[in-house]
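Accompanying notes for the structure given below.
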Amino acid sequence: MLQRLCIFQRVVQPFIWRHQETTKRLVPGLPTALPDGLRAAGHRSGSSSPNVTERTLIAVKPDGVQRRLVGQIIRRFEQRGFKLVGLKMLQVSEDLLAQHYCELRTKPFYPSLQQYMTSGPVVIMVWEGYNVVRTSRTMVGHTNPAEAQAGTVRGDFGIHVSRNVVHASDSLEGAQREIKLWFQGKDLLKWDCCDQTSTCEDEES
Ligand code: DAT
Ligand code: MG
């Protein structure tokens, strides 16, 4: 038995250690072997902790509510691993919409956008998680569903830019502004999700 242990220590264990070392060296080296897009998706830069409390605003627009797509859209975000921290259904006023789309108010399509967005209830949500702003834009897809990739919400459920089913904030700053516009702080919940450490490492570790 002792002899077998010695053989293990002399022959097998160094091999395992070498293999572990190689793996460690390969993993940090991985980004250099990937194209830009994939490298960015990997994302941990240096030793900084992942920001798991990033938030974004997602809305199911009136066409999405009318077509009973709310459940399917929520499911995609849950499935991806994001955490729902705020949710409400409302009929949007022209004034609130104008604040939300302040940059688009002078566009020729704004009157029809306003007519559509105030035509029925919308479901507004705040989702939280690592890189949620950018990831949710990817999940939602191109503004024009005709250009959106299959597998994205707009690519799977939309056909025309005038009815593109969902809204997703396009930047961190935009998300912060929009969340403040649609929600009061007290309506956003801070809660621990039981699978949190399975979807992203702890901030402390
Ligand atoms: P996104 O919703 O992808 O952030 P955006 O902010 O440029 O796109 O525009 C907001 C919404 O306005 C968009 O979801 C649908 C509508 N919209 C944009 N461009 C349009 C166009 N050319 N014609 C009609 N509606 C348009
Ligand atoms: Mg936008």
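First listed ligand is number 1; within each ligand, the first listed atom is number 1.
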Between ligand 1 and the protein, which N/O pairs are shorter than 3.5 Å?
residue	atom	partner	partner atom	Å
ligand 1	2 (O)	R154	NH2	3.0
ligand 1	3 (O)	R137	NH2	3.3
ligand 1	3 (O)	T143	OG1	2.4
ligand 1	3 (O)	R154	NH1	3.0
ligand 1	4 (O)	R137	NH1	2.8
ligand 1	4 (O)	R137	NH2	3.4
ligand 1	8 (O)	T143	OG1	3.2
ligand 1	14 (O)	K61	NZ	2.9
ligand 1	14 (O)	N164	ND2	2.7

State whether Y116 and K61 meet the cation-pi test: NZ (Lys) or CZ (Arg) under 6.0 Å from the six-membered ring centroid, and within 45° of the perpendicular axis.
no
Once the angle between the rings of H167 and H100 is folded into 0 to 90°, is it parallel (under 30°), tilted (30 to 60°) or perpendicular (over 60°)?
perpendicular
Chi angles and distances behind the side-chain hydrogen bond (donor to acceptor under 3.5 Å, both in side chains) call for T53, N51:
CA-CA 6 Å; T53 59; N51 176 10; 2.8 Å; yes
Considering only heavy atoms from C-beta outward, does the side chain of R55 approach that of V85 to under 4.5 Å?
yes
Can you check whether V165's main-chain N or O pairs, donor with acceptor, with D63's side chain at less than 3.5 Å?
yes
Can you name the side chain to side chain donor-acceptor pair (under 3.5 Å) partners of Q196, sequence neighbours left out?
K83
